[in-house]
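To start, the structure itself, in structure tokens.
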Amino acid sequence: MTKGLASLYYRELRVMSRQSWATLTPLITSLFYLFLFGLGMRTLIGEEIFLEGESVDYVLFLAPGVIAMGIISIAQSSGWTLWNDRDWGMLEELLSCPVSSSAYILAKILCTLTLSLIQAFLVLLIGLPLIKGGIFVANIPLVLLSTLLGGVCFFSLFMPLMSRIRSTNLLVAVMTLIYLPMILCSSMFYPLEEAPGWFRIVAHINPMTYTVDILRAGVIGAGDQQILGEILVLFIFTMALFGVSVISLRKASI
Amino acid sequence: MLAIECINLTKRFGGLTAVDHINFEVKRNEILGLLGPNGAGKTTIIRMLTTVIPPTEGTAIILGFDVQKEPTKVKEKIGVMLQNTALERFSPVYDNLDIYGRIHNIPRKERKRRIEWLLSEFGLEEKRNETIRLLSGGLQKRVQVAKAFMHHPDILFLDEPTLGLDPQSRLKTWDFIKDSSREGQTVILSTNYMDEAEHLCDRVGIIDHGRVIALDRVEALKDSIGSGDIIDMNIEGDFKSLRSDILGLDYVKGVGGEASGLSIQVKSADESLVALSQYVVERGGRIKTVSVRRPTLEDVFIRLTGRTIR
């Protein structure tokens, strides 16, 4: 099932390393959001917001959301490499090599996760000391878990589109249509407790909400009580979307 | 054991039948040419044999493994060079060869040795660190061909390997193909170059409208349209009406033709050239040039399909 995984993973990293501008963009964007948007919003809404009855610095509140935004951007970028592979004939060639289609997808996912983890810890390393935030060392596994589940989940969400849609214009339009609501209708920018009922329903069928919540539990220790339930929901989302993406690639016309 | 066995191999795309119940066998160590015009179905046959797309009907057995049931086993035995250039466009030439070698599990030392050798053989040494997207189309094609010879599969599929190559690289590719066969590889070569098929292939299959309409040794295919000579006449004016008259002559065996003239197959050019020229002139044809040659695969194709390959 995973025949050729190591060499395909190496291929992904080597090809990515030749496009460092594309690899660095999600990290730079994350830091921009954290400092420009975060600090700007803090000026507008006040230094602190209330989360589960406790006051939290807005930039600290935003940091997990920014990491999650980086994860979805990296997943999208990995999805584009699949589209390029198909467009440039690489996918057809690779599928005639002694590697399985599952290994091909797993290599892309592993690359997504590698870059997502680097991005998450760089944001934490660069960003949090500057805003006087700290990280709960005991909760680092939660940061790792949400990054891993979120990375697989978002890549699996984009992959069927990348393997089926031929037109670049249509693909960009569809991706934007998915990406923006996922970011906006989640707990990324604001606590859901104050949001209208319909918004909360939409947010709770959005895997981004769970990714951000688990990350937030890891970074600032918020929402510890319901975190196991959130991990389970994100796990189910991830497995379902991964299954769809594998079937989709097998059925895709190359 | 046979290298390849196609059993009623068929591929339909919606209402279009691209490959229509083909049956043929390829022996080990053989170079088989698939010759046909664009759209004849050659690439679709190769894509099915290399497990990239599944057949709609029938199957193929590659060295004892069914392409549908055991695609992974098949992929371990084959190497493929696709018609379209498949390269990592943002990576340098060296990386492209190295990554391909890794995917085929070539040990590091051997991989490095083969890369250096191929870079030298295909005149790519100075381009080794250049990004693919900055290379000309011809150079990209050279990298693609070099990649195909990175490893030693039992069966090598080459889909129009010399299309877009300069003459020198084309001859180099021919040498590599012949060497591969000498070293025990079976080669399936799709081409629409007659000279390539004649020069390289042990047998040639002529493909048209998704069917194998003839498959034999080159000489046997030529003999199948009868022995004799071909007289090519470039004629001014309306020569098309002459065609049926010429076909009625007792020393004429067949008439084909391009837009600018007729290709007339005769029993012997020595005995019939003067008489045939007089016959055309008497009927108002103004002959511009005349040449005599032996039948080629192109003539075989014209005879079998009624049209030229291009």
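By convention in this document, chain letters (A, B, ...) are assigned in the order of the sequence lines, proteins followed by strands, and residues within each chain are numbered from 1.
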Enter the distance from B/I46:CD1 to A/S96:OG here, rounded to the nearest 0.5 Å.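 Nearest 0.5 Å value for the CD1-OG distance: 11.0 Å.
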
What's the separation between atom CG in A/N84 and atom CZ in B/R89, rounded to the nearest 0.5 Å?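 Rounded to the nearest 0.5 Å, the CG-CZ separation comes out at 8.5 Å.
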
Over 12 foreign heavy atoms within 6.0 Å of [atom1], [X]:
X: B/K27; atom1: NZ; value: no
X: A/Y179; atom1: OH; value: yes
X: B/F90; atom1: CZ; value: yes
X: A/F32; atom1: CZ; value: no

What part of [X] gets within 4.5 angstrom of chain A, counting heavy atoms only: side chain, backbone, both, or neither?
X: B/I103; answer: both
X: B/T85; answer: backbone
X: B/K73; answer: neither
X: B/N84; answer: neither

Pick one of side chain, backbone, both or neither for A/E93, based on which atoms fall under 4.5 Å of a heavy atom in chain B.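 Both backbone and side chain of A/E93 come within 4.5 Å of chain B.
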
As a quick check of understanding, evaluate side-chain contact (heavy atoms from CB on, under 4.5 Å) for A/V15 and B/I99, giving each step before the final call. CA-CA 9 Å; A/V15 171; B/I99 290 170; 4.2 Å; yes

Within-4.5 Å side-chain heavy-atom neighbours: [X] and [Y]:
X: A/V99; Y: B/T72; answer: no
X: A/L94; Y: B/Y100; answer: no
X: A/C97; Y: B/H104; answer: yes
X: B/R102; Y: A/R11; answer: no
X: A/R14; Y: B/S91; answer: no

For [X] versus [Y], what's the shortest heavy-atom pair and its separation?
X: A/G89; Y: B/A86; value: O-CB, 3.4 Å
X: A/P98; Y: B/E76; value: CB-CG, 4.1 Å
X: A/R18; Y: B/P92; value: NE-CD, 3.5 Å
X: A/M90; Y: B/L87; value: SD-N, 3.4 Å

Please determine, among B/T51, B/L82, B/T50, the option with the most heavy-atom pairs under 4.5 Å with chain A.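 Of the candidates given, the most pairs with chain A belong to B/L82.
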
Kindly determine whether A/W88 and B/I132 satisfy side-chain contact (heavy atoms from CB on, under 4.5 Å), including the steps that lead there. CA-CA 12 Å; A/W88 298 347; B/I132 293 293; over 6 Å; no

